[in-house]
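Here the structure comes first, spelled out in structure tokens, and everything after it is commentary.
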Amino acid sequence: MARELLGAVLVRRTQKDTLRARIVETEAYVGQHDLACHAARGLTERTAVMFGPPGRAYVYLVYGMHDMLNVVTAGEGDPQAVLIRACEPHSGDAERAGGAVERMDGPGRLTKALLVTRDLNGHDLNRPPLWIEAGSPPPRVEVGPRVGVDYAAEWADAPLRFFDADSQAVSRSRSRRLSSERAGPKANLT
DNA sequence: GCATCGATGGTG
DNA sequence: ACCATCGATGCA
């Protein structure tokens, strides 16, 4: 599902207008046995939505300041979810806004731009004010370890992060890695 | 470009 | 006492 969601379009309707964002980066959290998944510690008030039916939004707060948006993906009692980490603002929105559209290249920036907060936790993503429409899949998808889950023991390195290899909006931890790769060897020891 | 740090609040 | 983060800062 994390892979499938790449290229799909997240739509957010507010009082003022309707914003569209193409999903370019996701992470899978694959259930109770996944030590990076919040549900690894069982059913709690926070994680309850993940244990419910698929197609709902799981929205929670990290670091005291950022709301994270996830899509619940598995069946009831099987707590799996996909974190939406980055989007590209729809080109039409940029035109209507006169060019100035907030960046969505990170899970926190994305929710801020789309005005997604915890009051949408549990929301059914098949209807307004927040839903997902089909799009076109990226031609090249890259896979890697998830961000910020070093504590998750053998799950820390699992290749569960998916991103559009050609998107400029993929979140920051990747550009750091790519740029250091591009830089090549630090010195030529002759 | 890269490393480091502080803000800030819910969770268990 | 942790954190599925971000922006600012300092240095190269």
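Each chain gets a letter, A, B and so on, in the order its sequence line appears, and its residues count up from 1.
Of the candidate nucleotides C/dT5, C/dA4, B/dT11, B/dT11 has the atom lying nearest to any side-chain atom of A/R46.
The interatomic distance linking A/Y151 (OH) with C/dA1 (P) rounds to 19 Å, in whole Å. For the pair A/N121 CG and B/dG10 P, the computed distance is 14 Å after rounding to whole Å. Counting to the nearest Å, the P atom of C/dC3 and the CG atom of A/L83 are 16 Å from each other. When rounded to the nearest whole Å, the span between CG of A/D150 and P of C/dT5 equals 10 Å. Between the CZ atom of A/F162 and the C1' atom of C/dA4 there is a distance of 15 Å, given to the nearest Å. Whole-Å rounding puts the A/D157 CG to C/dA4 P distance at 16 Å. Distance OH (A/Y60) to P (C/dC2): 18 Å, rounded to an integer number of Å. In this structure, the CG atom of A/L61 is 8 Å from the C1' atom of B/dT8, given to the nearest Å.
The backbone N or O of A/A28 lies less than 3.5 Å from a partner atom in the side chain of A/R146, making a donor-acceptor pair. Checking side-chain atoms of A/R20 against main-chain N and O of A/V9 turns up no donor-acceptor pair under 3.5 Å. Under the 3.5 Å distance criterion, the side-chain polar atoms of A/W155 are matched with a main-chain donor or acceptor of A/H33.
OP1 or OP2 of C/dA4 has not a single side-chain nitrogen or oxygen of A/R161 nearer than 4.0 Å.
At the heavy-atom level, A/M65 lies under 4.0 Å from base atoms of the strands shown.
Base pairing of B/dT4: its partner is C/dA8, meeting the Watson-Crick or G-U wobble criterion (both donor-acceptor distances under 3.5 Å).
Residues from residues 107-120 of chain A lying near DNA chain C, meaning a heavy-atom separation below 4.0 Å, are A/P107, A/G108, A/R109 in numerical order.
When A/N126, A/N121, A/L120 are each tested for a side-chain contact (heavy atoms from CB on, under 4.5 Å) with A/H123, only one passes: A/L120. A side-chain contact (heavy atoms from CB on, under 4.5 Å) with A/D164 is found for exactly one of A/V24, A/T26, A/V141, A/I23, namely A/V24.
For A/R103 and A/Y58, each mapped to the nucleotide of DNA chain C holding its nearest heavy atom, the one lying further toward the 5' end belongs to A/Y58. Nearest-nucleotide assignment on DNA chain B puts the 5′-proximal partner with A/V62, out of A/E45 and A/V62.
For CD of A/E133, the number of neighbouring non-hydrogen atoms (other residues, nucleotides, ligands) closer than 6.0 Å is greater than 12.
A salt bridge does not link A/E102 to A/R109: none of the charged side-chain nitrogens sits closer than 4.0 Å to a carboxylate oxygen.
Looking at A/H38, its side chain comes within 3.5 Å of the base of C/dA4 through a donor and an acceptor atom. Within 3.5 Å, no donor on the side chain of A/Y63 pairs with an acceptor on the base of B/dA7, nor the reverse.
Judged by ring centres under 5.5 Å apart and planes tilted less than 30 degrees, A/Y29 stacks against the six-membered base ring of C/dA4.
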